[in-house]
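Computed from a predicted structure; not experimentally measured.
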Amino acid sequence: MTRTARDLLRTITAELAPDPRSNPLVPLIAAGEAGREILAVLALEQLRVIPADRRAFLQLAVRSSAEPEADAFFTALAEGEAIAQQRLPAFAAACGVEEARAAAYTPLPGCQAYPAYVAWLALNAAPADAVLAVTANFSAWGGYCATIAAALRTHYGFDDEACAFFDLFAGPAEHLDRTAERAVQAALDAGRLDESRARAYGHLLQSYEALFWRTLERPA
């Protein structure tokens, strides 16, 4: 029986699901035990990550010109990052991050490894392989955002505007999931999907994601 894109996406997402112990920070935020300075550093790092990822997704969309399904997927991702970029300043402000501090901030290498690798994918990965890897990674990211959004309201007194950045990623993304499924199915049908490479890309993305959170927990 021929495997479908939906089956493949589910399988690889399950395979790459992170060990809960790989992210020590989100449980601390969930319990209200993370200091506000850590939240401020999270905001400062995301102020670098989001625009970088947006540009990388736009580049992947350009490289997908012969693959309309993949083009649609990466275009949608870039549009989502643009919305996130608009919402992020409210979170930063709630954390006490002023414009001068944001401008002078030196990013942490362990946090910026993730967007650096996304940029590498934008230049080097076959678009269909990148679709599979990124989709698997987003499953974990969405869960983290849902947990953080709830904790910011419950333990830190943040209002809806300050939480809107995390709310954006926390909710169901059914349209994006369908777009990813169409892109992967088209690649499967055309024989241009390399599952082994996509798994390797996804593994590295998850590893850099874990490094991001470990670095934030102990930024010094």
Side-chain angles (χ1 to χ4, degrees), residues 2-27 29-30 42 45-46 49-50 52-54 56-57 59-60 63-64 67 69-70 73-74 76-78 80-81 84 110-148 166 168-188 192-217:
T2 303
R3 183 160 44 163
T4 66
R6 181 175 300 179
D7 291 337
L8 182 57
L9 284 163
R10 287 175 176 172
T11 297
I12 291 186
T13 297
E15 287 177 3
L16 296 178
D19 184 327
R21 294 170 296 182
S22 69
N23 186 335
L25 179 57
V26 169
I29 297 174
L42 171 58
E45 292 294 334
Q46 288 295 340
V49 172
I50 295 300
D53 283 355
R54 176 178 175 271
F57 294 143
Q59 175 65 18
L60 277 162
R63 292 184 54 228
S64 304
E67 304 173 37
E69 297 85 359
F73 176 76
F74 289 118
L77 286 184
E81 298 294 326
C111 290
Q112 294 304 311
Y114 178 93
Y117 187 63
V118 174
W120 185 94
L121 291 177
L123 294 175
N124 295 282
D129 298 345
V131 171
L132 195 54
V134 168
T135 301
N137 173 250
F138 276 3
S139 177
W141 166 244
Y144 296 152
C145 286
T147 299
I148 292 172
F166 296 101
L168 174 65
F169 297 108
E174 295 178 0
H175 173 71
L176 190 61
D177 290 342
R178 289 193 297 270
T179 305
E181 186 178 328
R182 286 193 292 269
V184 172
Q185 190 64 57
L188 282 172
R192 59 172 178 258
L193 183 68
D194 188 322
E195 294 183 31
S196 178
R197 270 195 313 221
R199 279 183 167 85
Y201 296 156
H203 172 72
L204 282 171
L205 277 175
Q206 295 289 51
S207 297
Y208 290 133
E209 174 93 38
L211 178 61
F212 178 92
W213 296 106
R214 291 197 304 271
T215 300
L216 279 177
E217 187 204 13

Can you list everything that forms a ring-ring contact (aromatic ring centres under 6.0 Å, His included) with [X]? Sequence neighbours excluded, please.
X	value
Y208	Y117
F57	none
Y144	W213

Taking only residues two or more places apart in sequence, or in another chain, which ones meet [X] in a side-chain hydrogen bond (donor to acceptor under 3.5 Å, both in side chains)?
X	answer
Q185	D189
R178	none
Q59	none
Y114	N137

Exercise. Mind checking whether L193 and L8 have side chains closer than 4.5 Å, heavy atoms only?
Worked result: yes
Exercise. Heavy atoms, side chains only, cut-off 4.5 Å: are L205 and V118 in contact?
Worked result: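 Yes; the side chains approach each other to less than 4.5 Å.
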For this session: Using the test salt bridge (Lys or Arg N to Asp or Glu O under 4.0 Å), find all partners of R10 that sit at least two apart in sequence or belong to another chain.
Result: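 Partners of R10 by the salt bridge (Lys or Arg N to Asp or Glu O under 4.0 Å) criterion come out as none, since no residue qualifies.
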Got a list of side-chain donor-acceptor pairs under 3.5 Å for residues 126-134, not counting sequence neighbours?
from, atom 1, to, atom 2, distance (Å)
D129, OD1, D194, N, 2.9
D129, OD2, R197, NE, 3.3
D129, OD2, R197, NH2, 3.4

Scan the side chains in residues 15-27 for donor-acceptor partners under 3.5 Å anywhere in the protein, sequence neighbours excluded, and list what turns up.
from, atom 1, to, atom 2, distance (Å)
E15, OE1, R199, NE, 2.8
E15, OE2, R199, NH2, 3.2
D19, OD1, R21, N, 2.8
D19, OD1, R21, NE, 3.2
D19, OD2, R21, NE, 3.2
D19, OD2, R21, NH2, 2.7
S22, OG, D19, O, 2.7
N23, OD1, L25, N, 3.1
N23, OD1, V26, N, 3.1

For this session: Only counting residues at least two apart or in another chain, list the ones meeting side chain to side chain contact (heavy atoms under 4.5 Å, CB included) with A186.
Result: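 In terms of side chain to side chain contact (heavy atoms under 4.5 Å, CB included), with neighbours along the sequence ignored, A186 is linked to E69, R192.
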Problem set entry | Where at least one partner belongs to residues 6-27, residue pairs that pass ring pair (Phe, Tyr, Trp, His ring centres under 6.0 Å), sequence neighbours excluded | none
